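Here the structure is a predicted model, which means the values were calculated and not measured. Start at 1 and go down the list; that is how both ligands and their atoms are numbered.
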Amino acid sequence: MVNLPPYSPLSRTASIIGTGSYVPQRILTNTELEKIVDTSDAWITSRTGIKERRIAASDEFTSHMAAKAAREAMEQARVQANEIDLIVLATVSPDTFFPATACHVQRLLGAKHAACFDISAACSGFLYSLEVARQFICTSTYDTVLVVGADRLSSLVNWSDRNTCVLFGDGAGAAVLQYRKESRGIITTFMRSNGDYGNILCTPGGGCALPVTPENFVKRFNTIRMNGKETFKLAITSMQSAALYALQQAGLAISDIECIIPHQANIRIIEVLADRLKVPMEKVYINLDRFGNTSAAAVAIALDEANRNGRFKAGDYVLMVTFGGGLTWASSIVQW
Ligand code: UT7
């Protein structure tokens with residue numbers, strides 16, 4: 001368990017006024033994966049809950065998916081591109097090291113007045129980015145912020161490693177945050193990291209530590225490595241403590257939460273988490289069977305689907321909780 005710092009709420013509230021999401025058209029099923037690596041639909045389904053995932057087209061980049069999700073969120077929020085003050089984009093699979101993918105999205109949207117940057121917090125990136133956006137809004141720096149979680153992990157996967165290639169998919173989710181006078185919005189957020197465990201889930205190469213050279217490329221250092229069992233255990237304990245911390249700070253009981261949106265990595269992780277938090281699975285939003293683990297996009301896509309499917313209504317409390325490489329983990333409670 002972690003030592004929890006005192007939480008200091010700010011006086012202005014940031015509300016989520018629109019959500020959106022996008023996944024590529026191409027569906028890759030477990031049965032198709034059986035032809036690529038030594039695996040089976042039965043193994044993937046029983047060990048992860050994943051049935052299929054989406055794979056981006058060769059000319060479909062992280063920014064393209066992000067911009068599509070963003071347009072949906074902006075439409076729901078009734079916000080025009082020139083009203084956006086800031087774009088915060090979470091990804092570990094950027095189009096380019098620089099410019100930031102947020103800048104590519106700015107260009108695609110025509111959001112000419114926005115400042116833009118990326119956040120690298122792996123699967124926790126969307127919640128980290130929401131909190132960054134909230135801080136800018138609550139300190140009166142900006143009024144309207146576009147937050148996007150987008151990843152194209154198919155370009156980081158080693159397609160001959162059955163331990164990882166069956167897990168991941170591509171997609172993007174977005175939210176428009178705006179300062180509103182009423183108090184509904186993001187009411188508490190918790191973020192934590194532990195760099196000591198960075199090597200259990202990472203892409204070791206491609207940066208300056210192991211640059212792309214012919215030798216490193218052959219060893220596939222630029223693809224995802226994961227110690228699944230260790231990650232599994234830490235994901236449960238970290239998300240449990242993050243969820244409990246957020247509830248405590250918000251002064252809420254778990255029974256006050258209408259919908260829980262966890263990171264979509266593995267149904268077994270989610271079921272243990274729900275059991276420990278003592279929530280029925282009916283309150284937990286799941287889409288990993290259709291999309292697999294989409295990293296920074298996972299919670300964002302699930303939030304958008306749950307929103308559009310009427311899983312919560314105005315005034316309800318929604319708890320989001322996530323865990324990823326870094327290690328990083330986070331939780332956030334929103335009053336919708
Ligand atoms: O997004 C960040 C968060 N990510 C996560 O939270 C992921 C956390 N980890 C997991 O979800 C699970 O650990 C995995 C799904 C990755 C693996 O499940 P597991 O039950 O921990 O399996 P394992 O790694 O212990 O492997 C069990 C067996 C091994 O065979 P042996 O050594 O027992 O003969 C693996 O080689 O399953 C084998 N295996 C597979 N078999 C068929 C591993 N991957 C596959 C596969 N198909 N795709």
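- Here Leu177 contributes atom CG and Ile137 contributes atom CD1; the two are 4.5 Å apart, rounded to the nearest 0.5 Å.
- Protein heavy atom nearest atom 16 (C) of ligand 1, with residue, atom name and distance: Met226 CE, 3.7 Å.
- Within the 4.0 angstrom cut-off, atom 33 (O) of ligand 1 has no protein heavy-atom neighbours.
- The existence of a salt bridge linking Glu60 and Arg54 is excluded, since no basic side-chain nitrogen approaches an acidic carboxylate oxygen closer than 4.0 Å.
- Salt bridge Lys233/Glu230: present, at least one basic N to carboxylate O contact under 4.0 Å.
- Below 4.0 Å from some heavy atom of Cys123 lie the following atoms of ligand 1, by number and element: 1 (O), 2 (C).
- Counting heavy atoms under 4.0 Å from ligand 1, residue Ile269 touches it through the side chain alone.
- Between Ser40 and ligand 1, a contact under 3.5 Å exists for no N or O pair.
- Of the polar atoms of Asn266, at least one N or O is found under 3.5 Å from an N or O of ligand 1, judged by distance alone.
- In terms of protein heavy-atom proximity, atom 4 (N) of ligand 1 is closest to Thr231 CG2, 3.7 Å.
- In the displayed structure, Glu75 atom CD is contacted under 6.0 Å by at most 12 heavy atoms of other residues, nucleotides or ligands.
- Ile286 and Val299 sit in two unconnected hydrophobic clusters of ILVMFWY residues. Membership requires side-chain heavy atoms under 4.5 Å apart, directly or through other members.
- No path of Ile, Leu, Val, Met, Phe, Trp and Tyr side chains, each step under 4.5 Å between heavy atoms, connects Val79 with Tyr142, placing them in separate hydrophobic clusters.
- For the side chain to side chain donor-acceptor pair (under 3.5 Å) condition, no pair includes a residue of residues 265-274, sequence neighbours left out.
- Put simply, atom 6 (O) of ligand 1 has protein non-hydrogen atoms near it, under 4.0 Å away.
- Nearest protein neighbour of atom 35 (C) of ligand 1, counting heavy atoms only, is Arg162 NH2, 3.9 Å.
- The presence of a protein heavy atom under 4.0 Å from atom 48 (N) of ligand 1 is confirmed.
- Taking a distance limit of 4.0 Å, we find that atom 29 (C) of ligand 1 is approached by no protein heavy atom.
- Distance check for atom 19 (P) of ligand 1: a protein heavy atom is found below 4.0 Å.
- Each ring pair (Phe, Tyr, Trp, His ring centres under 6.0 Å) pair with one or both residues in residues 261-287, not counting sequence neighbours, would appear here, but there are none.
- Taking all atoms of both residues into account, the shortest heavy-atom contact from Gly171 to Ala297 is O-CB, 3.3 Å.
- Residue Thr48 has at least one heavy-atom neighbour below 4.0 Å for each of these atoms of ligand 1: 15 (C).
- The number of heavy atoms from other shown groups lying within 6.0 Å of OH (Tyr179) is above 12.
- Of the listed residues (Trp329, Phe168, Trp43, Phe232), the one carrying the non-hydrogen atom nearest atom 39 (N) of ligand 1 is Trp43.
- Atoms of ligand 1 lying under 4.0 Å from at least one heavy atom of Gly228, given by number and element, are 8 (C), 9 (N), 13 (O).
- For atom 2 (C) of ligand 1, the choice among Asn227, Leu201, Asn30 with the nearest heavy atom turns out to be Leu201.
- Taking every heavy atom of both residues into account, Ala296 and Asp151 meet most closely at N-OD2, 3.1 Å.
- Under the 4.5 Å side-chain contact rule for hydrophobic residues, Met320 and Ile119 share a cluster.
- Closest protein heavy atom to atom 1 (O) of ligand 1: Asn293 ND2, 2.6 Å.
- Applying the 4.0 Å criterion to heavy atoms of Arg47 picks out, from ligand 1, the atoms 20 (O).
- Remark: ligand 1 atoms within the under-4.0 Å shell around heavy atoms of Phe323 are 2 (C).
- The contact set between ligand 1 and Val166, taken as ligand atoms under 4.0 Å from a residue heavy atom, comprises 48 (N).
- Residue nearest to atom 25 (O) of ligand 1, selected from Arg268, Lys229, His263, Met239: Lys229 (by heavy-atom distance).
- Taking CG from Leu33 and CZ from Arg53, the interatomic distance works out to 4.5 Å, rounded to the nearest 0.5 Å.
- Each of the atoms 43 (C), 44 (N) of ligand 1 lies under 4.0 Å from some heavy atom of Asn163.
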